[in-house]
Amino acid sequence: RRNRFGCYQKSKRMFILVLGLLVGSLMPLGGASGSPGSGTGQDECKKNNGDEKNGNKTTKKSFPVLSLNYENVRLPFEISLWVLLASLMKLGFHLMPRLSSIVPESCLLIVVGLLVGGLIKLVGKAPPVLESNIFFFYLLPPIILDAGYFLPIRQFTENLGTILMFAVVGTLWNAFFVGGLLYGVCQLEGTNLAGVNLLSCLLFGSVISAVDPVAVLAVFEEIHINELLHILVFGESLLNDAVTVVLYHLFEEFTNAGTITVTDGFLGIVCFLVVSLGGIVVGAIYGILAAFTSRFTSHTRVIEPLFIFVYSYMAYLSAEVFHLSGIMALIACGAVMRPYVEANISHKSHTTIKYFLKMWSSVSDTLIFIFLGVSTVAGPHEWNWIFVVATLVFCLVARVLGVIGLTFVINKFRIVKLTSKDQFIIAYGGLRGAIAFSLVYLLNPKHFPMRNMFLTAIITVIFFTVFVQGMTIRPLVDLLAVKKKQETKRSINEEIHTQFLDHLLTGIEDICGHYGHHHWKDKLNRFNKKYVKKCLIAGERSKEPQLIAFYHKMEMKQAIELVESGGGSKLPSAMPSTVSMQNIQPKKPPQDRALPQLSKAREEEIRKILRTNLQRTRQRLRSYNRHTLIADPFEDGLDEILIKRKKMKELEKKISQMNNYLTVPAPPADSPSVARARLASVPDRFPPTDPQAWGLKSVTEIPTIKVELVSPQNPESVKVVDEFSKKGSQPKGSEEEGGLTMRVPSSEKQRKDKTPDEEPQPRFMRCLSDPGPAAEDEDEDEPFLP
Amino acid sequence: MGSTNSTLLKIPNVEVLMQETGFSPAHIIRLHDRFKALDKEGRGHLCPHDFGAIKELAMNPIGDRIIGAFFSPGKETVDFHTFVKILAHFRPVDKDRPKEPNSPEPINSRSNKLKFAFQLYDQDKDGKISRDELLQVLRAMLGMQVTDEQLESIADRTIQEADLDRDDTISFEEFRKACKHKRFTMFRFCIRPGERKLMLTLCHWSSELQDQHEL
């Protein structure tokens, strides 16, 4: 107990120290005037003047050994300091787990922003404000890309109707309700808000009614709510961007124009369709381009992630050029390119992309909240009690009414009805955030003289939602016993059954003559497989069924985990896992490894070494090299490995020698009939059907070629051979010899060293391009034995 | 509603059918129309090749299994009642139905749905999915693009994950448990007002919700 307390004190002290250091270093930051944009402008001027002055001087100074030129690096220095501050804050919060379990991170970050802003103001300088440009072009895209790339497509499309209802109809309702009622309040006698006209109110309403994806992500990620609610609220926050963009531009234009007509209203609807669909189309185009590019990156693996990021960013910017919805473009781009890109890029690139996205979105997220805090201190504010309170109340009421009303309608079309608990969480999770703030900040003060009041009101609403709702949602979720996210890993069972059921339901739909959801999904999949995948996925992977890809991914993950943990004891039932690990044939063979091109025999050798080492006991992997999946010859097992290698080499030599002969001396006990008898009697994990019933593979009919290169006939080894031929696989090493070869289990010798109850010979893998055992069956029908 | 009533009267035992399956009259009529459309020769019952004539079903990897599910063992034909009863499996679960302890479980209960799916795996009807049967299913779904070894590895792993009593087969209980945490997409029939066309809407429910209502 004392330890924990001491730890807590220490971390608190460290945090305060860090904070103090940072604030101290931020003084020059605040010392530079105002926002970075105007700052650089002034600097340029100063520099020019300085140069001129220098030019005029004729007196010579002594050579400066050490000089200070802060102005040169001011901008990147400031940016780096802010990023550093954000990251250190994040670090600090996680050092204090008790605090971060009560208060969500976003709240803490806003408080930090307030503090920093306050300090800067104390020094007497103007704190920087969250510029809309910086926000929309640099801070927002990483978060959205991260969300879009990892969007769970299946849940999203299954709930698309509901999400769209909430996003479009819900936001419209909110906007008009809040805007209209605020106008009514402004017209009241007691307030001096008569200057606020209807259009401004509506504009304000449309801006503030949009649920913010950044805030939602920040809060919902910590509460681990069940997937349905998460995707509903999150999906809504993403898709309502189109509505917000249209309404914003609509009302802005109307305020400039002064008059509205019915055609304008109609055009507004058309504009909405154009904005949303256009955004999606732009995103999809860039996504396909990215997927196509990734098809050719097999030789330049290092810059693969770059393509992903740049194409997505370009999609966002291109959409913004036409005033289309950039967020939807980004989401569409990420979602479209993901399945194809993931099939093409290397495993390491995939990890890189994942971590870069998480890193950038995390930093962005932190910076946004800090800047919100700083901007609050910066002002300018115009506090009007009535307006602010009215805004707050109307926002909440509108949200609740909207959710209830919409759910009533939606539940008529859903099978999984939304319960009132669900409705409460959806209403409560409608957080507002920085997007609303930035949009209001963008307003032209000339057209909107009450802009400052709007800013104040928005900041108040944001603070309320983030602080009050963000902090209380976690205990409420627990109190209401809302279902949490199931932390189950996806299993192969799930995959298979899901696909099976999809086929089943498609079939039932066809029987009923109905063209429903499954029918179209099936058609889309077929089209995808036939045409699209061939274009966008490189090489052999284009034909790989989804199940296999999933399976390989799982096996790869498990292999990495196993090697990292270094325990054979971790293998639950050793047989299938190790067997399956054999099947992790790297699809793009040696490129992913640090080793140069290997011959197949050497590959096989190395795999065997890996396998044998994994079956050993725990002492492992102090020398594990993260850059290769292949175990280095470990210190302790080195001798044994060398021996085995030598034996295998001998074996291979003997095989190549044997190739010159067509017969082998076989001990009589190994006659086919006896071997077959043994085959039949092998106690199996397999269903007790006779080998003929294995209709799937004719390979099972492999004649029992008992090539005994090991002269002392070892029942153990024979047994191994039995099982070996029973499974019908063949060693890789002997594949290189063409023609009639004997199927020798080349690891047979290895077997002898092992304990008998070790798992039977693991199968060797085949890569996808192998013809498969069927092609070679013909060869084996030749009788070898006299 | 006059025309619907007369159509209903033409179907024998329609009251019993509606009660057993829970379909509404409009649904029954719709299914009857479909039944007649499939029964091109007007015999009043369907044969396997009637189902086979459905183009998309032929392309379905497990199409023949689905067709086989309609025909009880030994019978060569499917009459309308059986047709409707099988399709009744896919109605959404009636959450509001009062649970009478003596009445048999409704056709569209969750466990009956699972049983139906289980039977499609378990072709020899021994109550267990053997490794062989699993291999056949995988082979059907994955086509010829996959090698046998890969199939076997997948099958082994699947059984390893689901098999709790270590008998190398998946029994119905194990199947049930394996399906516990997934989404089960089953769809329902609904009639849009003014339209006689059947509109099947698809929704999904997560199995946790169902667990509260049954078992």
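The analysis underlying the following values was restricted to heavy atoms, covering all of them including side chains, and did not include hydrogens, waters or symmetry mates. The chains referred to below are lettered A, B, ... by the order of the sequence lines, with proteins before strands, and numbering in each begins at 1.
- For A:Gly507 against B:Asn60, the heavy-atom pair with the smallest separation is N-ND2, 3.3 Å.
- Taking OG1 of A:Thr506 as the reference point, atom CD1 of B:Ile62 lies at 8.5 Å (rounded to 0.5 Å).
- Both the backbone and the side chain of B:Leu120 come within less than 4.5 Å of a heavy atom of chain A.
- Legend: residues meeting ring pair (Phe, Tyr, Trp, His ring centres under 6.0 Å) with B:Phe70, ordered by chain and number and at least two apart, are B:Phe51, B:Phe83.
- Rounded to the nearest 0.5 Å, atoms CD1 (A:Ile508) and NE2 (B:His89) are 10.0 Å apart.
- The number of heavy-atom neighbours closer than 6.0 Å to NZ of B:Lys125, taken from other residues, nucleotides and ligands shown, is above 12.
- B:Leu57 touches chain A through backbone and side chain together, each having a heavy atom under 4.5 Å away.
- For B:Met141 against A:His503, the heavy-atom pair with the smallest separation is SD-CD2, 3.6 Å.
- Between B:Tyr121 and A:Ile496, the shortest heavy-atom distance links the atoms OH-CG2, 3.8 Å.
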